[in-house]
A.B. asks: 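This is the structure I have questions about; it appears just below.
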Amino acid sequence: MPELPEVETIARGVDRRLRGDSILSAWFSSYKEPFKTPPDEMQAALPGLRIARVRRVGKHIVADLAEKSVPKSVPKSAKKSARKAAPPARTRAATEQQLLVHLGMTGRLLIAAPEVPLPPHTHAVLSLASGRELRFVDPRRFGRIGLVSGFTGPGREPLTISQDDFATLFRGRKLAIKAALLNQSLLHGVGNIYADESLFRAGIRPARVAGRLSRERLNRLHEALRAVLLEAIRAGGSSVSDYVDADGVAGFFQIQHRVYLRTGEPCLVCGTPIRRIVLAGRGTHFCPYCQK
DNA sequence: CATTTCACCTGGTGGC
DNA sequence: TGCCACCAGGTGAAAT
């Protein structure tokens with residue numbers, strides 16, 4: 001399901017519910033695909049960590065994990081502090097762990113009570129101090145979970161990149177602008193829907209060579225992309241709870257697509273039938289009249 | 001290096 | 001109803 005707006009919506013929902021909770025234990029399925037970090041490693045590392053914050057980076061959901069602060073009333077000094085001189089500052093920042101979740105095409109994060117039966121294709125379950133479980137479910141197994149630190153994502157953020165930097169990304173590139181938009185090491189977070197939708201709004205044919213687009217057209221694309229992503233985030237915000245909660249998979253309240261999956265239907269602006277081609281291996285939808 | 005193609009999976013849909 | 005081809009919002013490895 002997930003491109004930037006969906007992942008943003010999910011990350012916000014999980015953050016609101018789980019921030020401050022901590023991990024008691026972790027279970028992982030026996031498939032190997034979903035894991036970027038060996039499950040036994042995660043199983044060993046996760047218990048005791050506190051979920052400090054959950055946020056989105058590109059299409060990734062990042063949970064910042066912190067050592068559970070030890071209550072001061074239990075000074076361990078009596079036991080061991082004498083043996084090793086403690087390092088002066090806890091410069092933990094560099095080693096701070098992050099749980100990384102990529103939803104692939106069909107991944108879902110669910111928060112449920114333990115007594116709710118596990119849905120089919122559940123690949124990870126974190127038991128939390130609050131008594132709830134965070135579950136990762138993914139039939140197609142394109143999603144990934146891993147433990148990392150210092151994750152910044154493969155590319156630049158479409159919502160915050162400047163017009164100048166946006167234009168620079170495509171300089172000298174000979175690939176189609178649509179393929180460039182999908183390349184996560186340039187911009188991260190844009191997927192097939194919002195690539196098509198932003199190109200439509202900017203009036204640009206998906207097959208145009210990225211490096212040959214005028215600065216003016218790139219500026220228009222920059223703005224169209226921001227606009228459609230923000231609109232989608234606003235629309236998605238209303239259904240976060242349905243998505244994240246136990247078994248409510250109501251899906252997203254999506255904005256109306258203007259070209260995506262509208263092959264043969266009339267363009268909403270000029271009435272010309274929307275055309276579908278395959279570009280960069282993906283179904284690509286555009287209006288042959290409005291997009292030049 | 002830049003770019004393209006393809007494999008990786010399961011499930012839903014629509015035609016026959 | 002059953003069977004089958006095709007499509008799906010993702011990526012990374014392999015090929016070009």
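Because the structure is a prediction, the values reported are computed rather than measured. Throughout, a chain's letter reflects where its sequence line sits, starting with A, and its residues are numbered from 1.
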A.B. asks: What N/O pairs connect the protein and nucleotides 11-14 of chain C at under 3.5 Å? Give each pair on its own line.
C.D. replies:
| unit_1 | atom_1 | unit_2 | atom_2 | d |
| --- | --- | --- | --- | --- |
| dT11(C) | OP1 | His102(A) | NE2 | 3.3 |
| dT11(C) | OP2 | Lys59(A) | NZ | 2.8 |

A.B. asks: Could you tell me which residues satisfy side chain to side chain donor-acceptor pair (under 3.5 Å) with His188(A), sequence neighbours excluded, listed by chain and number?
C.D. replies: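 Testing His188(A) for side chain to side chain donor-acceptor pair (under 3.5 Å), a comparison that skips the adjacent residues, returns Glu157(A).
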
A.B. asks: If I take atom CG in residue Asp196(A) and atom P in nucleotide dG10(C), what distance separates them, rounded to the nearest angstrom?
C.D. replies: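 Computing the Asp196(A):CG to dG10(C):P distance gives 10 Å.
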
A.B. asks: Hey, can you pull the donor-acceptor pairs under 3.5 Å for the side chains in residues 34-51 of chain A, sequence neighbours left out?
C.D. replies:
| unit_1 | atom_1 | unit_2 | atom_2 | d |
| --- | --- | --- | --- | --- |
| Thr37(A) | OG1 | Leu147(A) | N | 2.8 |
| Thr37(A) | OG1 | Leu147(A) | O | 3.4 |
| Gln43(A) | NE2 | Ala26(A) | O | 2.9 |

A.B. asks: Write down the protein N/O and nucleotide N/O pairs, taken from nucleotides 3-6 of chain B, whose separation is under 3.5 Å; answer none if there are no such pairs.
C.D. replies:
| unit_1 | atom_1 | unit_2 | atom_2 | d |
| --- | --- | --- | --- | --- |
| dT3(B) | OP1 | Lys174(A) | N | 2.6 |
| dT3(B) | OP2 | Arg173(A) | NH1 | 3.0 |

A.B. asks: Only counting residues at least two apart or in another chain, list the ones meeting side chain to side chain donor-acceptor pair (under 3.5 Å) with Arg140(A).
C.D. replies: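 Arg140(A) satisfies side chain to side chain donor-acceptor pair (under 3.5 Å) with no other residue.
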
A.B. asks: Please give the distance between the P atoms of dG12(C) and dG11(B) as a whole number of Å.
C.D. replies: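 Rounded to whole Å, the distance is 23 Å.
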
A.B. asks: Based on Watson-Crick and G-U pairs with both distances under 3.5 Å, what dot-bracket line describes DNA chain B 5' to 3', crossing pairs as [ ] and inter-strand pairs as |?
C.D. replies: .|||||||.|||||||

A.B. asks: How would you list, by chain and number, every residue that makes a side chain to side chain donor-acceptor pair (under 3.5 Å) with Arg135(A), sequence neighbours excluded?
C.D. replies: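 Testing Arg135(A) for side chain to side chain donor-acceptor pair (under 3.5 Å), a comparison that skips the adjacent residues, returns Glu133(A).
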
A.B. asks: Any chance NZ of Lys32(A) has more than 12 other-residue heavy atoms, nucleotides or ligands included, within less than 6.0 Å?
C.D. replies: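 Incorrect, the count does not exceed 12.
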
A.B. asks: Hey, what else clusters with Trp27(A) if you join Ile, Leu, Val, Met, Phe, Trp, Tyr whenever side-chain heavy atoms sit under 4.5 Å?
C.D. replies: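 Trp27(A) clusters with Leu118(A), Val125(A).
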
A.B. asks: What is the per-nucleotide protein-contact pattern of nucleotides 7-12 of chain B, from the 5' end, where B denotes a base atom under 4.0 Å from a protein heavy atom, S denotes such proximity for sugar-phosphate atoms only, and - denotes neither?
C.D. replies: -BBBS-

A.B. asks: Can you list the residues that meet the side chain to side chain contact (heavy atoms under 4.5 Å, CB included) rule with Thr272(A), with sequence neighbours excluded?
C.D. replies: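 Counting only residues at least two positions away or on another chain, Thr272(A) forms a side chain to side chain contact (heavy atoms under 4.5 Å, CB included) with Cys270(A), Cys287(A), Pro288(A), Tyr289(A).
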
A.B. asks: Holding to side chain to side chain donor-acceptor pair (under 3.5 Å), I want the full list of residues that pass it with Gln163(A), two or more places apart in sequence or in another chain.
C.D. replies: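 Scan of Gln163(A) (side chain to side chain donor-acceptor pair (under 3.5 Å), adjacent residues dropped) gives none.
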
A.B. asks: Should side-chain heavy atoms under 4.5 Å link Ile, Leu, Val, Met, Phe, Trp and Tyr, which residues sit in the same cluster as Val269(A)?
C.D. replies: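 Noted: Val269(A) shares its cluster with Phe200(A), Val259(A), Ile274(A).
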
